[in-house]
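Take a look at the structure set out below.
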Amino acid sequence: MHNEEMASKAEEFWARRRDITPPTYDSDSKKRLVLLADVSDAFACSAYERVVGTLSEFSCFDPVPHEILHLTVKLFDDPVESVTINDNPVKQIDEMISYEIMRTDPFEISLTQFNIFPDVVYAEIDDDGKLGDINRRLCAHAETTTLDRDGEEFIPHLTFGYLDDMSEYDKLINYLESNRELDLPTLNIDELSLVVREVGEHPPVSNHLKTYEL
């Protein structure tokens, strides 16, 4: 999950687009809690299908299934068994998320341009810092672990798909360079979901636990 000797800003990833090597995925996945915004319904549209359809013409690209499109807000690193009981978050986690969600109003997100991590092609987003703010506030609680992609290192993004290998990679980069700007619908974020996710699985498998309305 894009965490090696990695850049810390979106523009740094883009600057290194010709120099990366897609990772070998670890088959030993682990279950973790993830707070996310489900955007699958918002992208049931021809504009999104055109973007992913074109990317899928490159053999190195494996698209994310439409029904699991999401924006990650916070990955909780504790083993899922320690933070859930009978498919519900433990009280501390639930109250912490509820408290921060109560302080958050609905907001809009625009997808601005293509970018690339070593393992995925993604869309940069413009949300006036909203997702990053929620991430930082959650990380400030003693119940959470701040990971190397949290806080100031958090890069909000929408993953279009995974990079499987280097076949046609240069051609893909040529396309992204020539067509970098995106023209996709603005997203209205009015709720977040807490799920149990198989981290390391591609595509990830999720079990929905709870929805929090903004």
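Residue Glu181 places its CD atom among more than 12 non-hydrogen atoms of other residues, nucleotides or ligands, all under 6.0 Å distant. Counting non-hydrogen atoms of other residues, nucleotides and ligands closer than 6.0 Å to CD of Gln92 gives a total of 12 or fewer.
Going from atom CG of Asn115 over to atom CD of Glu12 covers 11.0 Å, rounded to the nearest 0.5 Å. Taking CG of Leu194 as the start and CG of Leu35 as the end, the distance is 6.0 Å to the nearest 0.5 Å. Here CG of Leu138 is found 9.0 Å from CD1 of Ile93. Values are rounded to the nearest 0.5 Å. Atom CD1 of residue Ile155 and atom CG of residue Leu131 lie 13.0 Å apart, to the nearest 0.5 angstrom. With rounding to the nearest 0.5 Å, the separation of CG in Leu71 from CG in Asp127 is 8.5 Å. Note that SG of Cys60 is 7.0 Å distant from CD of Glu168, once rounded to the nearest 0.5 Å.
A chain of hydrophobic side-chain contacts below 4.5 Å, direct or via other Ile, Leu, Val, Met, Phe, Trp or Tyr residues, connects Leu209 to Ile85. The same ILVMFWY cluster, assembled from side-chain heavy atoms under 4.5 Å apart, contains both Val121 and Met166.
Counting heavy atoms from C-beta outward, Leu172 and Leu163 have side chains that approach closer than 4.5 Å. You'll find the side chain of Leu111 stays beyond 4.5 Å of the side chain of Thr186, heavy atoms only. When side chains are defined from C-beta on, Val64 does not count as touching Leu158, because their heavy atoms never get closer than 4.5 Å. Annotation: side chain of Lys74 is in contact with side chain of Cys139 (closest heavy-atom distance under 4.5 Å). Side-chain atoms of Asp105 and Leu214, non-hydrogen and from C-beta on, never get closer than 4.5 Å to each other. Residues Phe107 and Asn188 fail the side-chain proximity criterion, which asks for heavy atoms closer than 4.5 Å. Looking at heavy atoms from C-beta onward, Glu95 lies out of side-chain contact with His141 at the 4.5 angstrom threshold. Within the 4.5 Å cutoff, no side-chain heavy atoms of Thr211 are placed close to those of Leu192.
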Decide side chain to side chain contact (heavy atoms under 4.5 Å, CB included) for Thr54 and Val52; before the verdict, give the C-alpha distance in whole Å, the side-chain angles of both, and the deciding distance to 0.1 Å. CA-CA 5 Å; Thr54 301; Val52 173; over 6 Å; no

List the steps, then state whether side chain to side chain contact (heavy atoms under 4.5 Å, CB included) holds for Asp41 with Leu69. CA-CA 9 Å; Asp41 288 343; Leu69 286 171; over 6 Å; no

Verify side chain to side chain contact (heavy atoms under 4.5 Å, CB included) between Arg18 and Asp170, making sure each step is shown before the conclusion. CA-CA 8 Å; Arg18 296 279 180 181; Asp170 285 340; 3.8 Å; yes

Take Tyr169 and Asp164, measure what side chain to side chain donor-acceptor pair (under 3.5 Å) needs, and give me the verdict at the end. CA-CA 10 Å; Tyr169 179 76; Asp164 285 339; over 6 Å; no

As a quick check of understanding, evaluate side chain to side chain contact (heavy atoms under 4.5 Å, CB included) for Arg32 and Lys30, giving each step before the final call. CA-CA 6 Å; Arg32 293 292 185 265; Lys30 54 186 179 180; 3.4 Å; yes

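Between Ser40 and Glu67 the shortest heavy-atom distance is CB-O, 3.7 Å. Smallest separation of non-hydrogen atoms from Gly151 and Asn135: N-OD1, 2.8 Å.
Of the options Phe114, Phe61, Phe43, Phe58, a ring-ring contact (aromatic ring centres under 6.0 Å, His included) to Phe160 is made by Phe114 and by none of the others.
Donor-acceptor pairing under 3.5 Å is recorded for the side chains of Asp94 and Tyr212.
A salt bridge is absent between Glu108 and Lys130: the closest approach of a Lys/Arg side-chain nitrogen to an acidic carboxylate oxygen does not fall below 4.0 angstrom.
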